[in-house]
Amino acid sequence: MENTLARNAAEDLTKGLGRRGFMRAVAALGAGVGVAGVASGCAHSNASPAGSSSSALPFADGVPILQPGSGNVSGDHYLSSDPSDVMWGYVPNIHTREVMRMKSGQTVTIDALSHEGILEDQGRNPLEYFGSKGVSEKDVLEDAIAVAAEYNRTERNFDKDGPHVVTGPVFVEGAQPGDVLKIETLEAIPRVPYGVVSSRHGKGALAVTADGTAPAGITLDEVMPPVATDGRATKDPLKYGGVSTFTAIEDGKGVMPFGQSKVRFPLRPFMGMMGVAYSSDADPTSPSSNSIPPTLGGGNIDIRHLGVGSTFYLPVFAEGALFYVGDPHMAMGDGEAALTAMEGSLRGTFRLSVCKKDSGDAPSVAFGYPFAETEEAWIPIGLSDPNGSVDGQNSDLNGAMRRAVVNALDFLEHDRGMDRATAYAYLSAAADFTVSQVVDRTVGVHGQIFKSHFE
């Protein structure tokens, strides 16, 4: 009876406040009384207690279902992936209206939504898609259902648009062009005990080329997915022949069955996409705002070290910076070979701080180029085409490597006081440079300069 009353009350409140207002009220009140009590009653059947297994999802193992606004929300602010607060396939430009404002130094918790399971080639119906994998209806995220059914901010074109559900932007008070936005990841919590890894024709490390030939270095028989399964000529995404591998979480690891066996690998949650507005084109669906290629404003950077405890620095191009997130990853290998990581919705909490020129609050490189660090290392970054789609798309991995090395040299010279010749020798002897990803049109390389070497 209590659950029925709670559900009815929640429905009434949602009608009055709207879904967005209702979820913000829930997040603000947390575990208190009033609306929060109603919300907890509504959400009770959707969440599995930590350490238990849902009867519908025997693989849950400590990963509760985090519906929008439910559970612990630790940030000073909360942002859901409501259809009105996201863009699907595009990132904010410098003209985009913010969906939230916050002060520099405050924190924000964002319920980021994975695109996998809601895309057109998967039916654009997460209840049916995940249901076919054994997921019960109550364990499918409500925001996934809403975005798939209700999104209308831009017209969807599966062949042209990016896949990502992009949440934001957040206006950070005091940020001006020429500053740096410092992004500290404080939390990255799986919202569901499952994810998806996808491979699609014409995309990924082993993709067939646009003219139907094999890319350099492999034969046509080695293309993945196999060319014989390529159904893109039908113009029906459901017949395109992509491969999506449902991946459950068991005992804190991703699990993929094959034959009579299973492969298990550790989770390493992080946001594949963290960015600030970069494009000056006012058209929200301009190629320069497509969500796939990363740019000087960050975006789909796909560096697996940017999880909890990391700091990501981005140059600011618009007043308020206009921060956004998307492409949540539960695990990813360097290179992201098949096309996607283990994609899965995450709850992220971030501290956003504005750094001014010559303040010493950000690495000098970061005032012109993305830069990152973890507790163990400084991470210089190189992109093959940091302007995104402007003047064509360059996917030269060698160019990305060169830029990562130059950015590393600039950091060591200007921030650590090394002469350039010694810095170059040091990088060759002791730093690691790794392919971030080769699947985002603009490819990436990142380095690790280990802090222990400088103690």
Side-chain angles (χ1 to χ4, degrees), residues 14 18-20 22-23 26-27 39 42-43 45-48 54 56-57 59-60 63-71 78-90 99 109-154 156 158 161-168 188-198 237-238 242 244-249 269 271-273 291 324-330 340-348:
T14 302
R19 183 191 299 106
R20 177 175 166 186
F22 175 66
M23 294 319 303
V26 171
C42 296
S45 64
N46 291 328
S48 304
S54 162
L57 286 178
F59 45 77
V63 180
I65 306 299
L66 289 178
Q67 296 289 3
S70 68
Y78 170 75
L79 182 60
S80 69
S81 287
D82 186 271
S84 63
D85 290 336
V86 304
M87 297 185 69
W88 194 354
Y90 295 90
V99 300
T109 295
I110 302 177
D111 274 337
L113 180 64
S114 175
H115 51 279
E116 291 294 332
I118 72 170
L119 287 171
E120 289 81 356
D121 66 342
Q122 296 162 330
R124 196 165 166 172
N125 186 330
L127 286 173
E128 287 188 2
Y129 179 80
F130 289 118
S132 72
K133 312 301 180 184
V135 178
S136 68
E137 182 174 333
K138 69 182 180 62
D139 292 330
V140 177
L141 292 175
E142 295 164 2
D143 41 353
I145 298 168
V147 169
E150 302 171 18
Y151 178 81
N152 61 7
R153 292 184 66 185
T154 56
R156 281 289 295 168
F158 182 70
D161 302 342
H164 311 102
V165 177
V166 181
T167 307
I189 303 168
R191 298 179 60 200
V192 289
Y194 53 83
V196 177
V197 183
S198 288
L238 288 172
S244 293
T245 301
F246 180 82
T247 307
I249 297 175
M271 293 293 174
M273 174 181 291
S291 68
Y324 59 86
V325 301
D327 194 28
H329 291 170
M330 292 180 170
T340 81
M342 180 182 169
E343 310 282 336
S345 298
L346 300 176
R347 173 168 293 176

Any side-chain heavy-atom pair of Val86 and Val147 under 4.5 Å: yes
Side chains of Tyr78 and Asp111 only: does a donor on one sit below 3.5 Å from an acceptor on the other? yes
Pair Glu116-Thr340, side-chain donor/acceptor within less than 3.5 Å: no
Step by step, would you call Ile249 with Tyr194 a side chain to side chain contact (heavy atoms under 4.5 Å, CB included)? CA-CA 5 Å; Ile249 297 175; Tyr194 53 83; 5.8 Å; no
Answer whether the closest heavy-atom distance between the side chains of Leu141 and Gln67 falls below 4.5 Å. yes
Looking at Asp143 and Arg191, is there a salt bridge between them, counting it only when a charged N and a carboxylate O are closer than 4.0 Å? yes
So CZ of Phe158 and CD of Glu120: to nearest 0.5 Å the spacing works out to 6.0 Å
Side chain to side chain, Ser291 and Pro163, heavy atoms closer than 4.5 Å: yes
Output for pair (Met271 CE, Ile110 CD1), nearest 0.5 Å, gives 7.0 Å
Between Val165 and Met273, is any pair of side-chain heavy atoms under 4.5 Å apart? no
Kindly indicate whether the side chain of Leu238, heavy atoms from C-beta on, has any atom under 4.5 Å from the side chain of Asp121. no
Can you tell me how far apart CE (Met87) and CG (Asp161) are? Round to the nearest 0.5 Å. 10.0 Å
So CE of Met342 and CE of Met330: to nearest 0.5 Å the spacing works out to 5.5 Å
Is the shortest heavy-atom distance from the side chain of Ser244 to the side chain of Gln122 under 4.5 Å? yes
Start with the C-alpha distance between Leu346 and Ile189, add both sets of side-chain angles, then the distance that settles side chain to side chain contact (heavy atoms under 4.5 Å, CB included), and finish with yes or no. CA-CA 5 Å; Leu346 300 176; Ile189 303 168; over 6 Å; no
Hey, is the main chain of Val196 close enough, under 3.5 Å, to the side chain of Thr247 for a donor-acceptor pair? no
Can you tell me if Arg347 uses its side chain to pair, donor with acceptor, with the backbone of Pro190 under 3.5 Å? no
Rounded at 0.5 Å granularity, tell me how far CZ in Phe246 sits from OH in Tyr129. 8.0 Å
Of all heavy-atom pairs between Ser345 and Ser114, which one has the smallest distance, and what is that distance? OG-N, 2.9 Å
Value rounded to 0.5 Å, distance of CD in Glu142 from OG in Ser70: 8.0 Å
Provide the closest heavy-atom pair for Pro193 versus Ile65 in the form atom of the first, atom of the second, distance. CD-CD1, 3.4 Å
Return the set of residues passing ring-ring contact (aromatic ring centres under 6.0 Å, His included) with Tyr151 (not counting sequence neighbours), or none when no residue passes. Trp88
Decide yes or no for Leu127 and Ile145: does some side-chain heavy atom of the first lie under 4.5 Å from some side-chain heavy atom of the second? yes
Looking only at heavy atoms, which two atoms of Gly162 and Arg156 are closest? And how far apart? O-NH1, 2.9 Å
State, yes or no, whether a side-chain contact exists between Thr109 and Leu79 at a heavy-atom distance under 4.5 Å. no
Ignoring hydrogens and angles, tell me if any N or O in the side chain of Arg124 forms a donor-acceptor pair with the backbone of Ala148 under 3.5 Å. yes
Could you check whether Ser84 and Asp82, counting side-chain N and O atoms only, form a donor-acceptor pair closer than 3.5 Å? yes
Report yes or no: do Glu343 and Ser198 form a side-chain donor-acceptor pair below 3.5 Å? no
